[in-house]
2 protein chains.
Amino acid sequence: MEALRLAIKQMIHISDEEFEQFVAQTCARTYRRQEILSVPDVVPNELFFIWKGLIRVMIPDQAGFDHTIHFALENQFIADYSSFLQHQPSLYTLQAVEETQVVVLPRSAIEWGYLHMQEGQKLGRLIAEFYFIYQDNRIKNMYARTPKQRYDSITDVFPNIHNRVPQHMIASYLGITPVHLSRLKKQS
Amino acid sequence: MEALRLAIKQMIHISDEEFEQFVAQTCARTYRRQEILSVPDVVPNELFFIWKGLIRVMIPDQAGFDHTIHFALENQFIADYSSFLQHQPSLYTLQAVEETQVVVLPRSAIEWGYLHMQEGQKLGRLIAEFYFIYQDNRIKNMYARTPKQRYDSITDVFPNIHNRVPQHMIASYLGITPVHLSRLKKQS
DNA sequence: AGCAAACGATAACAAATGTTTATATTTTCA
DNA sequence: TGAAAATATAAACATTTGTTATCGTTTGCT
């Protein structure tokens, strides 16, 4: 829980009392390797804060084949936030790549925070802005850089990723096939 | 200005007095066809609200070739918001495709809003969430759908776009060459 | 109204990327 | 620990996408 407190304190001022009340509305949960945290076609009503482990986010194409679109690491918030915000059924699957321990933030706790925490709205704004910036960088990279260039700098965004996920998931994240990534690595 | 008032009122409660004070800190500006609103390598300190016209956002790759990564239409806010938030030099070029009339929102006005408007933080949160959702959709589409599928549904996101921008800009937005888009259209 | 530039389609060819199959190695887990 | 599954590489071939050049049409601008 201290990791969560620190993450929040980096963004807003929050009193100990506010934090204790907020945390009382959350719970801890552990997922085993490969376990699914969130399935498609269900409205997500929980956000997760990872304090140990690694989660990947996947989306199926029309043929039903899954693409890895994101990795979430320690001290990050993760969910199908878009579906959460819109109260819409999720399109994403969230899966623990390793054994993963999270704090579960139910929608009710988030709404309580907006109403009762002094800087609740500001916290929501900063989190949305943070992920906006992250996505903006991704979109920039997709337009302006080749898969090889993105592969070569992937540890800027996901430190140590090569030791934590198999290469075919990285290929999927880059939008190419595992065979092609293997080829790109061989070139220089 | 009424368009801006409506856009804000769709997101938060704002008193007439608050709005008048806010608007007093803004100004209107008109850009001619092809004119540049925002150049790279400069920290952006203005946001734009479009009430007439159409703006495209571009980014250069390593070879210096520009890619169109976004179109902004009437009643939308536009800027290199990521660079604006981070106080960093922009990577984007903003260009008016048609004659375009905007309300200019200086950084000082935004900051004033956060401090003095009752629901200023909430407005900031909702705008960041709105663009987060937009970007999330884009990323989903890039992974799960082909350029042809995205072309066929582009008017969902940019109504009437085919009558307002040349096809080669749409091709650039889709991440393909104009020649290839022409080919895709011929198929079926 | 007229001219120059921009635009979109097309074809031929080149380069990049995907698909399939095979193989050797590593990892998982019962 | 040992067998089954997952993983990474490789090669051959197919498909997709990019590049270049041409041509007729449309558009913008004075």
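As the structure is a computational prediction, the values presented were derived from the model and not from experiment. Just so it is clear: chains get the letters A, B, ... in the order the sequence lines come, proteins before strands, and each one is counted from 1.
Between Ile170(B) atom CD1 and dC7(C) atom P there is a gap of 12 Å when expressed in whole angstrom units. Separating the CG atom of Leu174(A) from the P atom of dA16(C) is a distance of 17 Å, rounded to the nearest angstrom. The separation between His180(A) atom NE2 and dA12(D) atom C1' is 16 Å, rounded to whole Å. Going from atom CD of Gln187(A) over to atom P of dT9(D) covers 13 Å, rounded to whole Å. Distance, His67(A) NE2 to dG18(C) P: 11 Å, rounded to whole Å. The separation between Leu181(B) atom CG and dT17(D) atom P is 12 Å, rounded to whole Å.
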Its contact letters, B for base, S for sugar-phosphate only and - for none at protein heavy atoms under 4.0 Å, make nucleotides 21-30 of chain D read -------SS-

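Distances shorter than 4.0 Å separate none of the side-chain N or O atoms of Ser182(A) from OP1 or OP2 on dA8(D). The side chain of Lys186(A) places no N or O atom within less than 4.0 Å of a non-bridging phosphate oxygen (OP1 or OP2) of dT9(D).
Between Asp66(A) and Asp61(A), every side-chain heavy-atom pair lies at or beyond the 4.5 Å cut-off.
Side chains of Asn141(A) and Arg150(A): a donor-acceptor N/O pair is absent below 3.5 angstrom, by distance only. Lys185(B) and Gln167(B) share a donor-acceptor pair across their side chains, judged by distance under 3.5 Å alone. With no hydrogens or angles considered, a side-chain donor-acceptor pair links Glu17(A) and Gln21(A) at under 3.5 Å. Checking Tyr143(B) against His70(A) by side-chain atom types alone, no donor-acceptor pair falls below 3.5 Å.
For DNA chain D, the neighbouring residues in residues 153-168 of chain A, judged by any heavy atom under 4.0 Å, are Pro166(A), Gln167(A), His168(A).
Considering every non-hydrogen atom in both Phe48(B) and Arg29(B), the closest pair reads CE2-NH1, 4.1 Å.
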Evaluate Gln149(A) against Ser153(A) for side chain to side chain donor-acceptor pair (under 3.5 Å), listing each step before the verdict. CA-CA 7 Å; Gln149(A) 291 171 326; Ser153(A) 62; over 6 Å; no

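Arg183(B) contributes no side-chain N or O that forms a donor-acceptor pair with the base of dG8(C) under 3.5 Å.
Here the rule is side chain to side chain contact (heavy atoms under 4.5 Å, CB included) with Val97(B), and of Arg56(B), Glu35(B), Arg164(B), Gln34(B) only Arg56(B) fits it. The side chain to side chain contact (heavy atoms under 4.5 Å, CB included) test with Val57(B) singles out one residue from Thr68(B), Asp80(B), Ile69(B), and that residue is Ile69(B).
Checking Met169(B) against Pro178(B), the closest nucleotide of DNA chain C that is more toward the 5' end is the one next to Met169(B).
Using a 4.0 Å heavy-atom criterion, one finds that Ile176(B) contacts the sugar-phosphate atoms exclusively.
At least one test fails for Lys9(A) against the ring of Phe19(A): distance under 6.0 Å to the centre or angle within 45° of the axis. Judged by a 6.0 Å distance limit and a 45° cone about the ring axis, Arg125(B) is positioned over the six-membered ring of Tyr114(A).
Comparing dT17(D), dG18(C), dA9(C) against the side chain of Lys185(B) picks out dA9(C) as the nearest.
End-to-end axis angle for the helix from dA1(C)-dT30(D) to dA30(C)-dT1(D), using five pairs per end and rounding to 10°, comes out at 70°.
One N or O on the side chain of Glu18(A) and one on the backbone of Ser15(A) form a donor-acceptor pair closer than 3.5 Å.
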